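These notes concern the structure reproduced below.
Quick caveat, the model's predicted, so the values are computed rather than measured.
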Amino acid sequence: ELDGTSFKFKKVELNDLFNNAKRNAERMIRKAGIDIKVVCEDCKSIVMVDADLVDYLFEQLFTVALKIKKQGTLLLRAEESAESVMVEFVDNRYNITNDEVAEMFTPTKRNIDNAGGVNAMEYLVAKEIVRLHEDYTGKHGGRMEARSDVSGTVILFTLPK
């Protein structure tokens with residue numbers, strides 16, 4: 001276990017993080033009253049993370065997804081590589097545009113509202129959590145990105161092994 005300032009990094013099975021994210025998302029979905037199914041693919045990968053921060057990262061992704069009031073499926077899946085685990089958050093209800101992809105992880109004039117607030121601040125917070133994991137574990141490759149494909153909008157990020 002590593003202790004970086006107030007962060008607590010430890011080895012965690014990704015399935016545990018997925019299951020916790022699913023429980024929290026289902027609670028949020030019930031409150032929102034939307035017919036959305038949350039699916040988590042089985043993943044036995046062990047990651048070195050601050051579990052509370054990763055829980056918050058997932059909460060931010062689900063918060064943005066629930067702004068879309070359509071039924072469908074949200075999927076969490078992962079693929080392991082030598083140094084990290086690539087996590088995918090897939091929303092089959094929406095296809096992000098190229099303009100949205102280009103601006104979703106940085107505050108720009110386009111995503112700052114008239115009151116000076118940042119729209120979709122949740123993505124900026126999520127990206128910072130991914131960066132913190134890279135900084136405090138010393139493992140390179142922490143990144144977050146988005147794309148649109150046949151499955152819908154896909155948010156990808158890496159977590160260190």
Side-chain angles (χ1 to χ4, degrees), residues 1-25 27-29 32 38 40 43 45-68 74-91 94-149 152-161:
E1 184 173 311
L2 299 174
D3 184 5
T5 63
S6 61
F7 304 114
K8 299 282 188 213
F9 291 89
K10 62 182 179 181
K11 292 180 181 180
V12 179
E13 189 172 301
L14 196 53
N15 267 343
D16 293 339
L17 295 171
F18 277 9
N19 290 330
N20 195 42
K22 181 178 180 178
R23 277 190 303 278
N24 290 334
R27 184 174 36 250
M28 294 167 71
I29 290 166
V38 179
C40 299
C43 181
S45 296
I46 304 295
V47 290
M48 178 66 108
V49 297
D50 180 312
D52 292 335
L53 282 177
V54 175
D55 284 344
Y56 191 65
L57 183 158
F58 284 128
E59 180 182 330
Q60 297 304 297
L61 295 178
F62 282 110
T63 296
V64 173
L66 292 180
K67 291 178 181 179
I68 299 167
L74 301 174
L75 168 68
L76 285 172
R77 64 182 173 211
E79 186 175 317
E80 193 170 335
S81 70
E83 294 267 327
S84 63
V85 177
M86 173 67 74
V87 177
E88 293 186 4
F89 177 86
V90 182
D91 185 343
Y94 174 70
N95 277 50
I96 194 166
T97 67
N98 288 336
D99 287 343
E100 289 171 310
V101 168
E103 297 177 346
M104 70 188 302
F105 297 114
T106 55
T108 64
K109 287 183 181 182
R110 182 179 173 143
N111 61 12
I112 296 178
D113 64 27
N114 292 335
V118 179
N119 295 316
M121 178 65 106
E122 297 89 352
Y123 288 132
L124 301 174
V125 170
K127 185 172 183 175
E128 189 59 28
I129 291 170
V130 171
R131 281 188 185 154
L132 284 171
H133 280 83
E134 179 182 40
D135 291 347
Y136 283 101
T137 61
K139 297 195 177 202
H140 298 292
R143 69 175 205 250
M144 186 167 215
E145 59 188 60
R147 71 169 190 260
S148 186
D149 66 23
T153 296
V154 182
I155 309 294
L156 306 103
F157 59 92
T158 56
L159 294 174
K161 287 175 50 178

Not counting sequence neighbours, which residues clear salt bridge (charged side-chain N to carboxylate O under 4.0 Å, His left out) with D149? List them please.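 D149 satisfies salt bridge (charged side-chain N to carboxylate O under 4.0 Å, His left out) with R147 only.
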
List in chain and number order the residues that pass salt bridge (charged side-chain N to carboxylate O under 4.0 Å, His left out) with E13, two or more places apart in sequence or in another chain; answer none if no residue qualifies.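 Here no residue qualifies.
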
Identified side-chain contact (heavy atoms from CB on, under 4.5 Å) counterpart of F62 within the set D91, L74, N24: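 Exactly one candidate clears the test, L74.
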
Test of understanding: with side chain to side chain donor-acceptor pair (under 3.5 Å), list the residues that count as partners of [X], not counting sequence neighbours.
X    : answer
D50  : none
E88  : R77
E128 : none
S148 : N95

Tell me if the OH atom of Y56 is crowded by more than 12 foreign heavy atoms within 6.0 Å.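 It does not: Y56 OH has 12 such atoms or fewer within range.
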
Spatial distance of atom [atom1] ([X]) from atom [atom2] ([Y]) [nearest 0.5 Å]:
X    : Y    : atom1 : atom2 : result
D55  : I129 : CG    : CD1   : 9.5 Å
S45  : K11  : OG    : NZ    : 13.5 Å
L75  : C40  : CG    : SG    : 7.5 Å
S84  : E79  : OG    : CD    : 10.0 Å
I155 : K127 : CD1   : NZ    : 11.5 Å

May I ask you to test the [X]-[Y] pair for a side-chain heavy-atom distance under 4.5 Å?
X    : Y    : answer
L17  : L14  : yes
F58  : V87  : yes
M144 : L156 : no

Which atom of A126 lies closest to which atom of L57, heavy atoms considered: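 Minimum heavy-atom separation between A126 and L57: O-CD1, 3.7 Å.
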
Shortest non-hydrogen contact between L61 and F157, atoms and distance: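 The pair with the smallest heavy-atom distance is CD1-CE2, 3.8 Å.
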
Is it the case that the side chain of N19 and the backbone of N15 share a donor-acceptor pair, with hydrogens and angles ignored and the cut-off at 3.5 Å?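 Side chain of N19 to backbone of N15: a pair is present.
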
Can you check whether V85's main-chain N or O pairs, donor with acceptor, with T158's side chain at less than 3.5 Å?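 The answer is no, because no donor-acceptor pair under 3.5 Å joins these two groups.
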
Salt bridge or not between K161 and E80? Use side-chain N to carboxylate O under 4.0 Å.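 Salt bridge between K161 and E80, a charged N being under 4.0 Å from a carboxylate O: yes.
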
